Amino acid sequence: MHYSWGIHTDEGTTRFRIWAPAQAMMTLRLDSADLVMTAMSEGWFEAISPDARPGSHYEFVLADGTTVPDPAARAQVGDVHGASLVTDPNAYRWLDAHWRGRPWREAVIYEVHIGTFTPQGTFAAAIEHLSNLAIIGITAIELMPVAQFGGERGWGYDGVLLYAPHRAYGTPDDMKAFIDVAHHYGIMVLLDVVYNHFGPEGNYLPLYAPQFFNAAEDSPWGPSLAFEQPAVRQFVIDNVLYWLDEFHLDGLRFDAIHGIRDETSELHILEEIAHASRRNFADREVHLVTEDSRNITYLHERDSNGGTPLYTAEWNDDYHHVLQVIAAGETRGHYTPFADAPYEKLAKALAFGFVVPADEGRASSKEKHATSGHLPPIAFVDFIQNHDQVGNRAFGDRLVTMIEPSAARMLTALLLLSPHIPLLFMGDDYGETRPFLFFCDYSGSLAEDVRRGRQQETGNFGGFSQEEQDSSNVPDPNSPATFERSKLGRAKAATPAGLETRDFLQQLLAIRRNHIIPMLGEAAGHSGRVLASSNEVVAVEWRLGSKRLSITANFSAGPLLIPQDPGQIVFASTAQQTAQGAALAGHSLLVSLYEETGGHVS
């Protein structure tokens with residue numbers, strides 16, 4: 001595939017291109033030799049060299065002598081401030097020629113931060129854990145962003161070299177090997193990408209292409225990208241296609257798309273991205289997932305055949321937030337809208353997707369609005385926790401450390417046995433209790449700005465208790481110790497509790513695979529119906545083709561008598577049948593299947 005930005009090798013020569021509309025001249029420095037670049041139209045510069053080889057170092061030299069890396073470099077020699085590295089994108093020999101992906105309905109997602117997933121924090125080290133995840137029933141891994149960012153450690157959402165896998169995680173070929181082995185085990189790999197801003201360290205684009213950004217459309221994290229510029233649009237579209245093509249990724253998760261502003265374009269950049277992805281990879285399953293705080297749905301509409309012309313699914317924060325209110329009793333920050341009637345709101349989240357109506361005040365005039373119940377259940381990605389919901393807490397505490405084990409088991413069963421797409425956070429497979437904290441690697445005033453900003457951010461995720469606020473032990477995001485504390489311990493995995501958690505997940509995912517996934521291909525919109533949402537009890541039913549799936553959850557600590565269940569019970573946690581009905585113990589769940597006519601499923 002041919003890209004507008006970066007380097008392209010053909011018949012022994014390598015073409016270097018960069019968009020630098022603020023520069024009168026540009027020079028390519030290749031292995032210490034300088035080559036004046038040819039000025040092309042509309043701010044592009046180009047140089048062609050027969051001397052570039054894999055491993056060659058190169059930089060671009062501005063008119064004032066400043067050297068900058070290639071913003072579309074596939075790899076760096078060192079950090080984001082130094083030279084870029086010529087690579088051979090065809091050097092890796094793939095073994096997944098048979099792989100065409102998996103249908104979205106089969107997705108059970110496991111979110112991973114490569115730097116903290118293993119002690120080594122590399123793609124190569126992560127490979128050895130793939131077989132265990134496959135055995136449990138994980139069918140998709142979602143990698144937190146890997147595009148190179150400032151410093152050695154960070155979450156990845158402040159990337160500045162969006163084509164280069166972060167050097168600390170390994171080489172591009174190491175990342176390809178990780179994906180290749182995942183495909184061998186039947187696991188899809190999705191990558192989290194960020195197109196709403198660039199990070200604050202190592203972004204040299206303003207020096208030679210200030211038109212790349214639109215300061216009038218600032219996102220909460222910095223200037224927005226100027227998508228009205230054709231070169232900027234192509235940079236992002238190329239980046240999407242690059243990851244899907246050269247890395248054989250099965251999909252992408254687009255971070256905080258409410259920060260991607262594109263008011264003046266005839267076709268919104270997000271729509272153009274989706275069209276390009278569907279057009280170029282029509283021969284395999286490619287899944288595009290969004291995160292959007294506005295709860296809009298127009299990007300996820302289905303066609304008349306139930307297909308996905310644009311985006312496959314969206315993260316459902318509403319589901320998490322209402323569960324946090326119910327399970328942990330937290331009502332501050334993001335959880336405030338869910339504090340009133342939380343059981344009713346949970347039932348709505350299960351039956352219809354979103355609870356909070358679409359935020360028309362923060363959506364553009366071009367963006368359509370609708371309630372979400374018309375979308376199929378698999379249009380929503382649900383989670384008990386993820387990197388945001390854990391790492392943005394003051395002390396990175398996981399939900400399992402805040403609630404009773406029986407409640408944790410029930411919430412896990414509810415997540416994995418509903419017809420929505422479930423997402424687990426790394427360590428959930430054995431009940432990890434170590435924190436996942438916010439960490440970065442900045443210095444000077446930037447480091448201090450991050451420290452000051454943490455208290456405001458954590459206020460949205462439960463905040464501080466008075467005791468915590470007075471504590472001097474709030475982790476410093478820039479401390480290497482904060483990063484080390486966030487690595488999975490894995491010691492618990494071999495304990496009786498860890499093995500029990502693993503077996504429980506495997507049991508639940510076998511039920512999902514055998515009983516629920518086969519029905520999801522027929523799951524259409526308007527399938528959910530709330531049966532009950534009284535205090536501490538939630539019952540929801542979904543029509544999935546010719547069958548119905550029902551879930552009754554008892555959130556109280558004591559037993560609950562529910563009507564006799566005429567369906568096929570596929571999961572019951574401590575439920576006993578009596579003459580009067582089913583006695584559902586505290587913190588337990590009952591899941592049943594019915595034929596559309598009302599009879600049980602044989």
Side-chain angles (χ1 to χ4, degrees), residues 92 94-114 117 123 126-146 165 174-193 240-255 273-274 277-278 280-291 300 307-308 310-315 376-383 386-387 415-416 419-426 428-429 505-506 509-510 512-513 516-518 520-521:
Y92 183 79
W94 289 90
L95 302 176
D96 69 346
H98 67 287
W99 180 258
R100 291 295 178 270
R102 300 183 70 140
W104 181 244
R105 64 181 177 273
E106 297 178 2
V108 176
I109 306 171
Y110 185 88
E111 188 185 23
V112 168
H113 179 272
I114 285 292
F117 187 56
F123 293 114
I127 286 175
E128 69 177 88
H129 298 282
L130 292 172
S131 61
N132 285 332
L133 294 177
I135 290 170
I136 292 170
I138 300 300
T139 61
I141 287 173
E142 182 177 304
L143 297 174
M144 288 173 63
V146 302
D174 289 339
M175 181 175 174
K176 292 174 182 178
F178 173 84
I179 296 167
D180 209 3
V181 175
H183 289 169
H184 170 74
Y185 288 115
I187 298 175
M188 300 182 283
V189 182
L190 287 73
L191 176 65
D192 205 341
V193 290
V240 167
L241 300 180
Y242 160 79
W243 287 119
L244 295 173
D245 178 36
E246 292 195 8
F247 289 83
H248 292 202
L249 284 163
D250 300 280
L252 301 171
R253 182 262 194 188
F254 295 79
D255 180 66
I273 285 170
S277 301
R278 303 298 181 201
N280 283 278
F281 303 103
D283 62 333
R284 60 185 175 97
E285 299 275 359
V286 169
H287 309 301
L288 307 177
V289 181
T290 61
E291 181 206 25
H300 308 85
T308 54
L310 297 175
Y311 288 80
T312 314
E314 182 164 0
W315 274 29
I378 60 173
F380 304 97
V381 177
D382 291 351
F383 34 82
N386 57 43
H387 74 274
L415 174 71
L416 298 182
H420 296 193
I421 297 299
L423 179 142
L424 298 165
F425 187 50
M426 61 178 191
D428 287 351
D429 46 315
L505 285 184
Q506 191 169 355
L509 291 177
R512 182 178 184 87
R513 181 173 61 251
I516 298 172
I517 288 175
L520 296 183

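Fair warning: this is a prediction, and the values are worked out from it, not measured in the lab.
- Within the model, atoms CD1 of Ile109 and OG1 of Thr139 stand 7.5 Å from one another, a figure rounded to the nearest 0.5 Å.
- Heavy atoms only, all atoms of each residue included: Phe247 and Lys176 are closest at CD2-CG, 3.6 Å.
- A heavy-atom distance below 4.5 Å is found between the side chains of Pro422 and Val108.
- In this structure, Arg105 contributes its side chain and Pro518 its backbone to no donor-acceptor pair below 3.5 Å.
- Under the 3.5 Å distance criterion, with hydrogens and angles disregarded, no donor-acceptor pair is assigned to the side chains of His287 and Thr308.
- Across all their heavy atoms, Val189 and Ala182 have their closest contact at CG2-CB, 3.6 Å.
- Closest non-hydrogen pair, Ile378 versus Pro419, comes out as CG2-O, 3.6 Å.
- A heavy-atom distance below 4.5 Å is found between the side chains of Val146 and Trp243.
- Using cut-offs of 30° and 60° on the angle between ring planes, the pair Phe178 and Phe123 is tilted.
- Applying the side chain to side chain donor-acceptor pair (under 3.5 Å) rule to Tyr242 yields no partners; only residues at least two apart in sequence or on another chain are considered.
- The two residues Ile114 and Ala126 make their nearest non-hydrogen contact at CD1-CB, 4.1 Å.
- Classification of the Tyr92-Trp94 ring pair by plane angle, with boundaries at 30° and 60°, yields perpendicular.
- Here the CG atom belonging to Leu423 is positioned 8.0 Å from the CG atom belonging to Leu415, to the nearest 0.5 angstrom.
- Between Asp250 and Arg102 the shortest side-chain heavy-atom distance does not fall below 4.5 Å.
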Given the rule in the side-chain contact (heavy atoms from CB on, under 4.5 Å) test, do Phe383 and Trp315 qualify, once you have shown the distances and angles that lead to the verdict? CA-CA 8 Å; Phe383 34 82; Trp315 274 29; 3.7 Å; yes
Apply side-chain contact (heavy atoms from CB on, under 4.5 Å) to the pair Val289 and Trp104, showing each step before the final yes or no. CA-CA 11 Å; Val289 181; Trp104 181 244; 3.6 Å; yes
CA sep, side-chain torsions, deciding dist, call: Asp429, Leu424, side-chain contact (heavy atoms from CB on, under 4.5 Å): CA-CA 8 Å; Asp429 46 315; Leu424 298 165; over 6 Å; no
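- Here Leu191 contributes atom CG and Leu143 contributes atom CG; the two are 6.0 Å apart, rounded to the nearest 0.5 Å.
- Atom CG of Asp192 and atom NE2 of His113 lie 11.0 Å apart (nearest 0.5 Å).
- Note that CD1 of Ile179 and CG of Asp96 are 9.0 Å apart. Values are rounded to the nearest 0.5 Å.
- Judged by distance alone, the side chain of Thr290 and the main-chain N or O of Phe254 form no donor-acceptor pair under 3.5 Å.
- Within the 4.5 Å cutoff, side-chain heavy atoms of Glu291 are placed close to those of Arg253.
- Between the CG atom in Asp245 and the CG atom in Asn280 there is a gap of 8.0 Å [rounded to 0.5 Å].
- Within the 4.5 Å cutoff, the side chain of Arg512 has heavy atoms near those of the Ile517 side chain.
- Counting heavy atoms from C-beta on, the side chains of Leu130 and Ile141 come closer than 4.5 Å.
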Criterion side-chain contact (heavy atoms from CB on, under 4.5 Å) on Leu509 and Leu416, from CA distance to verdict: CA-CA 7 Å; Leu509 291 177; Leu416 298 182; 4.0 Å; yes
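- Contact check for Val286 versus Arg284: side-chain heavy atoms found under the 4.5 Å cut-off.
- Glu111 contributes a side-chain N or O that, together with a main-chain N or O of His387, makes up a donor-acceptor pair within less than 3.5 Å.
- The closest side-chain heavy-atom distance from Trp99 to Asp180 is not below 4.5 Å.
- In plain terms, the two heavy atoms of Ser277 and Leu244 that are nearest each other are OG-CD1, 3.9 Å.
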